[in-house]
Amino acid sequence: MKTIRVINGPNLNMLGIREPDIYGKTDYKALVELIEKHAKEIGVNVEIMQSNHEGDLVDWIQESYKKIDGIVINPGAYTHTSVAILDAAKAVGIPMVEVHISDVDAREEFRQVSFIRAACKKTISGHGINGYLEAMDFLNQNC
Ligand code: DQA
């Protein structure tokens, strides 16, 4: 059975509270439950993590080496700033899908830059929390 890791960056723990008009009303706990339910349905193991700290995301990507089949990553604001997360993704070479709840390419100019994209097989942006499930389906078929 494949193991997929879902890595969430800063402020995603605030889902349901933060800017609900942009990120929706579902809270982080409900997102985790939805992902776990979907993993059961498609028959994959899933590990879900969230941190507000850049180094945690780097560590979790590094730890995935030779252990994890695919990574779904929403680096939050680190999408637009972090060369360190990009370098970690390139170092492990694990199939990765970038997910954004909002349509980052239709928002402020600074959100239209993604460092992680260069290491990802696919980007899913603006599909709400359903984007996580689509990313899991893609990895299940492509990793
Ligand atoms: C986000 C978009 C980012 O620009 C923002 O900083 C986030 C969430 C999204 O899921 O739409 O924290 O990655």
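Everything numeric here is computed off the predicted structure, so don't read it as measured data. Along the sequence shown, the residues carry numbers beginning at 1. In each ligand, atom 1 is the first atom listed, and ligand 1 is the first ligand listed.
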Check your understanding: Would you call the rings of Phe110 and His80 parallel, tilted or perpendicular, where under 30° means parallel and over 60° means perpendicular?
Key -> perpendicular

Review point. Contact residues of ligand 1 with a heavy-atom cut-off of under 4.0 Å?
Key: Pro10, Arg18, Tyr23, Asn74, Gly76, Ala77, His80, His100, Ile101, Ser102, Val104, Arg111

Exercise for review: Sort and list the pairs that fulfil salt bridge (Lys or Arg N to Asp or Glu O under 4.0 Å) and have at least one residue in residues 107-120, not counting sequence neighbours.
Suggested key: Glu98-Arg117, Asp105-Arg117, Glu108-Arg111

Review point. Does a donor on one side chain sit under 3.5 Å from an acceptor on the other, for Asn74 and Tyr132?
Key: yes

Check your understanding: Does any donor atom in the side chain of Gln50 or Asn52 lie under 3.5 Å from an acceptor atom in the other side chain?
Key -> yes

Practice item. Sequence neighbours left out, what passes salt bridge (charged side-chain N to carboxylate O under 4.0 Å, His left out) with Lys29? Give chain and number order. Key: Glu33

Study note, to complete from the structure: Quick note, salt bridge (Lys or Arg N to Asp or Glu O under 4.0 Å) partners involving residues 57-69, not counting sequence neighbours, are Arg5-Glu63

